[in-house]
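Beneath this line is the structure, given in structure tokens, with notes to follow.
Side chains included, hydrogens not; waters and symmetry mates left out as well; all remaining heavy atoms used. In what follows, chains carry the letters A, B, and so on, assigned in the order in which the sequence lines appear, proteins first and then strands, with residues in each chain numbered from 1.
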Amino acid sequence: MQEQLKQLKEQAMAEISKVDEKASLNEFRVKYLGKQGLLTQILRGMRDVPAEQRPVVGALVNEVRALIEEQLSAKEADFEKREMESELAKNYIDITEPAQGHERGALHPLSKVFELLIDSCVNMGFKVVEGPEVELDYYNFEALNIPKNHPSRDMQDTFFITDNILLRSQTSSVQARTMEVMKPPFKIISPGRVYRNDSDATHSPVFHQMEGLVIDENISMADLKAMLIVLMRKTFGEQTQIRFRPSFFPFTEPSVEVDVTCPSCHGEGCRLCKGTGFMELLGAGIVNPKVLEANGIDSKKYRGFAFGFGVDRVAMVKNGIADIRSMFKNDIRFLKQMK
Amino acid sequence: MKVTYNWLKDFVDIEESPEKLAQRLTNAGFEVEEMIYQNQHLHHVKVGKIEKIEKHPDADKLQICQVSLGGEHVQIITAATNIFEGAVVPVSLPGADLANGVKIQKSKLRGVESDGMFCSGEELGIDDSYIEGASVNGILILPKEFKIGEDIDVVLGLNDVIFDINITPNRPDCMSVIGIAREVCAIYGKPFKQPNFKYITVGDRASDHIAVERKSKSCSRYMAAVVKNVKIKKSPEWLRRRLFAVGIKSINNVVDLTNYVLVEMGQPLHAFDKNMIEGSTIIVRDAYDGEKISVLNHNTYTLSPSDLVIADKQKAMVIAGVIGGTNSCITDQTSSVVIEAAVFDLKSIRLTSRKIGVRTDSSARYEKGVYFGSAEQGMKRMLSLMCELEVGDIMGGIVDKFDYNPLEKVVTCSCKEIDEILGVKIAQNDIQRILNGLGIDCKIEGGMITAKIPAYREDLENAYDLAEEVIRIYGYDVYDNLSTSLFEKSKVTEGGLDDKTALERRIKNALMYNGFFEALNYSLCPPDICEKLNIQDNRRFMVKIANPIGEDISCLRTTMAHSMLSSLAYNMSVGNKQVNLFESGRTYAPKSLPLAELPSETNWVSMGSTAMDFAEFKACVLSAIEETGLRYHLVRSQEGFLHPGVSADVVDESGNVYASFGQIHPLVAKNYELPKTTMYGEINLDKLIPYKDKKFVVKPVSKFPIVERDLAVVVKEEISNADLMAAIKSACGKIFYDVKLFDIYRSQALGAGLKSMAYNIKLADENKTLTDEEVTEVIGKVLKALKFRYGASLR
């Protein structure tokens, strides 16, 4: 009987290895493990086995049965797996078909640059303050030490509405408005739209500036430099350098123009910067004490710095845009490049 | 302001090259915008002598000239007619790049070789005031003494370099050669060589010949000198060439000297023909209303009392500080001259110059400000030069009328203050050296600076001004390698976005994620946009610019719609047919016209699409609105530029409108040449700011399952989805969870004017699992309610 079992085992193993479809697997199960199955038939001979040998034979029977069952389920799992694989192989889609819903759009290059500049300043403790674009002559000029009919008015071509109301020619107008309402120390930036009577490839009658103003007790030109280098590095990259050149603005003293290393050549000199390695970008300086006093801030106690610059130009430089007018055309072929 | 390298050298010894000087001036705050080399178009041009002239064999108008260049010999073909054998002429050779843009190369003219070209004065960039014969129409015939073969710039003395310098408004004293020269002295630490002010007088006193009456506050000083037995003639060569270098035409000796002093000293002067001054009295007065004067630019101007004139007893002779009249100017017959050196109010001159549209070298200086002492310096320099040129007999004394003599200004501050402003330490002896170098008499004792400010520096008033003087000469490069840390000595301040910017960003991003691209438009527009947009309300009243560039940008927009629709139309016109745009910007509503106070400015986000239908567009508008916590519903829009049947307003429960959107009105579509299906929307950002924060109260979620039922009802077309949903919600009572419209069906079988609306209704109870009976009962109530209120029937 032991011999019979051994033979059965070998026969079953040989047979199952040849099974190659799910249906035959069931036939195999019936043939060996069914009520009339071969193993069952052998078991019927158990009663002829001497009592002392029964445990040994019994164990052998269980072993053979377990082996067959194990093989059966392994085979079964294998068939299922193959079935799923062939199913997966049939079910595929063209993943390059267009997505549904809306493809995302994009912000204007100006907005992107504004966000970058504003966030950099906010992180340095600046509050964002906006002011009106249609402005009183007083805030745009007089409160900034630019009296009526003064030669320094010639620095800008202004659009006038009436004798006393104009389209602001600089976001500096927000300086005076801020000083009226905020108590030092404070740091503010004022991003916004400005207007000048000027139009060509590099000048738009409508453009954008960002003004910064810091008033505290121990402010110096060195603080201005330290702050602007952080801002310019956030804007144009970590290797950016800046330099001061003397200049004149009625509301700052000393006044400087701030040159920034060309973002294209980093100071080596290239076509973009006309070989100078630098770009003239900002106007800045220590707030003229006359401006502080005119706006009710004690110039003996407080000092401040201010800076301002054209943001359209920053966006143009950063994105290689040559003509400022293309910024206002809204051609989708231009805007799509900002995605 | 133009000054020349050689002219500066009259007042300061300069060792560095013009290029280095330009750099140093720029670094000190005097930006050299352009350097013009007088000889930049004169290379490859030599003095030649025509030795032989023959006719060209194949051309009637051409001649073949054999020309000697000293050792060398060239052949030149020319069409010029004023040449002759033996003439000394400028010859441009291959490589020359002449002032009129002509570039010379070897060429063949009708088969005969030409090695170059003879030059006219124009081709060399000079005229008669520089050298005789330069203005003739033909070749410039040079003096016989010129050395044959020499370079033309050498023989003509065209070796100066002109600096065009941008003078900032705070430095009117530097609108002169001596002003720049003083800066050069400070930069190099060199002494300033004073101009010559000496002259010899002859005969009577000036006051015996001329009287001055100063009758206007706009003139703070008026000086007059008298020169008799004047000989008006051509100026000497050196004077003509100096003026030529800075772009001033030579006229005659007297006029040229006034111009010379203007450039050199920065003091405008005027010369009168004394015999034309009625009553020998000069009256400085405000013009009479309507007073007319004919001036040297051949125009006649009508003046008003805000203009200042220099008159005699009969007539206005000069528009003060701006331009002289023809009735008293210097002519060849002039034998007696009155020289004026005056100080006028800068605002008055500026106003008059703007009003009549005349800007002269004189007005340009007066409107920047001429200091009190300048008149005297200018007058003395003028007389000294007249003496040197022997123009005539200078009468003794100068008539001088003024109302005040400014006090000497002294600024005191500490060296520490300078250091604190600059944030860098400057040694005391550097401060002293720099200030003294600038002509500021400066003493430092115990760290305290006492600075006596020279009269020409009216801009210096306090420590800040001195700090700037120190640092611009010391050099701003001191900051290049400074490593101050951020706000080292300042208080920490809280940064942050304002509410509007914060909300604007969220709304812009919502639209951007929904496929919209951000546009940027001028806030200026033409005056007729409201007609184009079918707008009937107050938005038709727009703020107008008094001095616009053009009519298309002459008004401030009162609606965002024009900008957006124009942008869409532009895209259509270039073939971009499916476009979604948004713009964030302002409108400007006047409270009254003409403006008495500032208009109210409103922040908007507008949207436009030529790609979306109403449903898609609505989803985008609402996703933007839902960035806020506004509780809203939609009502039909009354907006003029929207299609009345296919548009909506976003309103709150009180009916306040926060946004309007929909298909544009067919009339508007036609006016902008846009498709009828174009969508436009606008969101009032400012009105949404109070709702910028979404407020959440989270209720616990029921642990019992949701039960769903679908229900389709047939209703009349005019019954809205919103009404049906509201009715379903209220009929379900407290077990209502959600309802959604999932299908709308119309067919002939249903009947005309009817539609089938299919809803998916979700029900849930907080405390138990709903039974089938409960659900059926509720759905029955819903049906009853829909039937009762809207005549709905189950489909």
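Each of B/G496, B/S567, B/A546 has some count of heavy-atom pairs under 4.5 Å with chain A, and the biggest count is that of B/G496. For chain A, the option among B/V579, B/I553, B/L581, B/N521 with the highest count of heavy-atom pairs below 4.5 Å is B/N521. If you tally non-hydrogen atom pairs under 4.5 Å between each of B/E367, B/K368, B/E420, B/K489 and chain A, the highest count goes to B/E420.
Put simply, CD1 on A/I332 and CZ on B/F517 are 5.0 Å apart, with the number rounded to the nearest 0.5 Å. Separating the CG atom in B/L497 from the NZ atom in A/K127 is a distance of 11.0 Å, to the nearest 0.5 Å. Of the inter-residue distances, the one linking A/R303 atom CZ with B/I421 atom CD1 reads 5.5 Å to the nearest 0.5 angstrom. Between the CG atom of B/N481 and the CD atom of A/Q241 there is a distance of 7.5 Å, given to the nearest 0.5 Å.
Only the backbone of A/T158 comes within contact range of chain B, with at least one heavy atom under 4.5 Å from a heavy atom of that chain. For B/S490, the parts sitting under 4.5 Å from any heavy atom of chain A are the backbone and the side chain alike. Heavy-atom distances place the side chain of A/L167, and not its backbone, under 4.5 Å from chain B.
A donor-acceptor contact shorter than 3.5 Å links the side chain of B/E601 to the backbone of A/E133.
Ring geometry for A/F244 versus B/Y479: interplanar angle of 30 to 60°, hence tilted.
Taking a 6.0 Å sphere around NZ of B/K500, one finds it holds more than 12 heavy atoms contributed by other residues, nucleotides or ligands.
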For this session: Step by step, work out the side chain to side chain contact (heavy atoms under 4.5 Å, CB included) result for B/E31 and A/E257.
Result: CA-CA 11 Å; B/E31 189 186 358; A/E257 299 257 8; 5.5 Å; no

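Of all non-hydrogen atoms in B/Y522 and A/P205, the two that sit nearest each other are OH-CD, 3.4 Å.
No side-chain heavy atom of B/V478 sits less than 4.5 Å from a side-chain heavy atom of A/M221.
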